[in-house]
2 protein chains.
Amino acid sequence: MAQRLSEDLKSSGIHPTQQRLSVFQTLTESKGHLSAEEIHGLVKSKTPRIGLATIYRTLHALKEKGLVEEHRFNDEFSRYEAKPAKHHDHLICIECGKVVEFDQPVIEQLQVAAARDNHFSIVSHRLEIYGICETCQKRRAEESSLRL
Amino acid sequence: MAQRLSEDLKSSGIHPTQQRLSVFQTLTESKGHLSAEEIHGLVKSKTPRIGLATIYRTLHALKEKGLVEEHRFNDEFSRYEAKPAKHHDHLICIECGKVVEFDQPVIEQLQVAAARDNHFSIVSHRLEIYGICETCQKRRAEESSLRL
DNA sequence: ATGAATGCAAACGCTTTGCATCGTC
DNA sequence: GACGATGCAAAGCGTTTGCATTCAT
């Protein structure tokens, strides 16, 4: 696994140091959307002396090379995820912060139409749907029934 | 105009002070996507002694009451716009930063499908398409032909 | 030995907050 | 006079940067 990731870094022109490998591996394994601080916490178990600055510098490099994506759901601080094989969009629960990935290929076509009408050449897009997840809906329902 | 805006504030439960009116009016007239600093600069011509803190406090209040929307295009600092009558999405030029609004009603239906599959109840959504606008495309073309 | 990578702490930029002052009813 | 609104300056917070040190070659 680590060997494979090391190759990925090398082939992207990133020198695979121990720290960088830890960051990339953590992000790849977690499959989540982690903040820099969260990554720092996790990576320290593998590489205890690593500093937050290295996390940020590594994330920038990985992002630059397209190995990692940066998001700012809810306009909070940045969260990072290992770049998935194919693009997907996100459902975000505004109550508990849970993020669910989905993809909806038709959107790719719709956006083309909007861009063409405005003479834009598309580079990327971002679709985020904010709502309340099933768990939070249930909890809300229970809470309100208790109140009666 | 100012009278009308004053009524809007009052009916939203916001006490329409001189400063708040200036901020709201500036945002309504500009029709753009302004940063807090830009708003501050513009508002000072109407209300010279206003501080940046008041801008932020007012924007929060307006946002809370649904009169203003906050965006973070390109993961930059926040930009604000007076809430439009109907929801629209944004095309953002990654080269010059220009923002074009568009709406694509079909997207509303697509997102419902995605949310339903994941048992989410939708509160809002955000679709941003990043690309290169016509002007920047032309400039690029000229630059590259000059280089030959 | 040389240049890249790192840790630490200081700096940064946008935003928020504490507090004394001001304005309004 | 009371209370909310404001300006100012300081603090906060995520992120970036300068610099001395460490690491790899």
Side-chain angles (χ1 to χ4, degrees), chain A residues 2 5-6 9-10 12-27 33-65 67-81 97, chain B residues 2 5-6 9-10 12-27 33-65 67-81 97:
Chain A
L5 295 177
S6 178
L9 293 184
K10 258 187 263 183
S12 296
I14 297 178
H15 188 187
T17 64
Q18 189 59 51
Q19 286 89 334
R20 289 172 176 172
L21 259 176
S22 289
V23 171
F24 191 31
Q25 188 171 2
T26 296
L27 219 38
H33 301 81
L34 306 180
S35 69
E37 304 261 8
E38 287 167 347
I39 296 169
H40 190 206
L42 291 172
V43 165
K44 273 199 282 194
S45 66
K46 292 178 195 161
T47 322
R49 289 187 36 73
I50 195 172
L52 190 50
T54 300
I55 306 289
Y56 278 109
R57 284 191 273 235
T58 302
L59 289 171
H60 280 186
L62 293 172
K63 182 185 167 193
E64 173 120 356
K65 300 303 184 179
L67 297 172
V68 154
E69 273 182 2
E70 182 181 2
H71 303 284
R72 265 180 187 263
F73 304 128
N74 267 322
D75 292 336
E76 278 180 359
F77 41 77
S78 289
R79 297 190 164 273
Y80 302 84
E81 69 170 327
Chain B
L5 295 177
S6 179
L9 292 185
K10 257 186 265 183
S12 297
I14 297 178
H15 188 190
T17 63
Q18 190 57 55
Q19 288 89 333
R20 288 171 177 174
L21 260 174
S22 290
V23 171
F24 192 31
Q25 189 170 4
T26 297
L27 219 36
H33 301 81
L34 306 180
S35 68
E37 304 262 7
E38 285 166 351
I39 296 168
H40 190 207
L42 291 171
V43 165
K44 274 198 285 194
S45 66
K46 293 178 195 161
T47 320
R49 289 187 34 73
I50 195 171
L52 188 50
T54 300
I55 306 289
Y56 278 109
R57 284 190 273 236
T58 303
L59 289 172
H60 280 187
L62 293 172
K63 182 185 166 194
E64 174 119 357
K65 301 302 183 182
L67 297 172
V68 153
E69 273 182 4
E70 181 180 2
H71 302 284
R72 265 179 187 265
F73 303 128
N74 267 324
D75 293 334
E76 277 180 0
F77 41 78
S78 289
R79 296 189 164 276
Y80 302 84
E81 69 171 327

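In what follows, chains carry the letters A, B, and so on, assigned in the order in which the sequence lines appear, proteins first and then strands, with residues in each chain numbered from 1. Remember, predicted model here, so these are calculated numbers, not experimental data.
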To the nearest 0.5 Å, atom CG of Leu27(B) lies from atom CD of Glu81(B) at 8.0 Å
* To do: May I have the step-by-step check of side chain to side chain contact (heavy atoms under 4.5 Å, CB included) for Val23(B) and Ile50(B), ending in yes or no?
  => CA-CA 10 Å; Val23(B) 171; Ile50(B) 195 171; 4.3 Å; yes
Test Thr47(B) against Thr54(B) for side chain to side chain contact (heavy atoms under 4.5 Å, CB included), laying out the working first. CA-CA 11 Å; Thr47(B) 320; Thr54(B) 300; over 6 Å; no
Contacts of Tyr56(B) meeting ring-ring contact (aromatic ring centres under 6.0 Å, His included) (sequence neighbours excluded), chain-then-number -> none
Does Glu76(B) CD have over 12 foreign heavy atoms under 6.0 Å away? yes
Next item on the list: Scan side-chain atoms only and decide if Ser78(A) and Glu70(A) contain a donor-acceptor pair under the 3.5 Å cut-off.
Entry: yes
Leu34(A) CG to dT15(D) P, in whole Å, measures 13 Å
Using the 3.5 Å cut-off, write out each protein N or O paired with an N or O of nucleotides 23-25 of chain D and the distance between them.
none

5' to 3', nucleotides 7-16 of chain C under a 4.0 Å protein heavy-atom cut-off (B base, S sugar-phosphate only, - none) gives BB-----SBB
* **Worked verdict on Leu9(B) versus Leu67(B) for side chain to side chain contact (heavy atoms under 4.5 Å, CB included)** => CA-CA 9 Å; Leu9(B) 292 185; Leu67(B) 297 172; 3.9 Å; yes
note: Lys44(B), atom NZ; dG7(D), atom P; distance rounded to Å ~ 11 Å
- Would you check if the side chain of Arg20(B) reaches a backbone N or O of His15(B) as a donor-acceptor pair within less than 3.5 Å? yes
Leu21(A) atom CG is separated from dT6(C) atom C1', nearest whole Å, by 15 Å
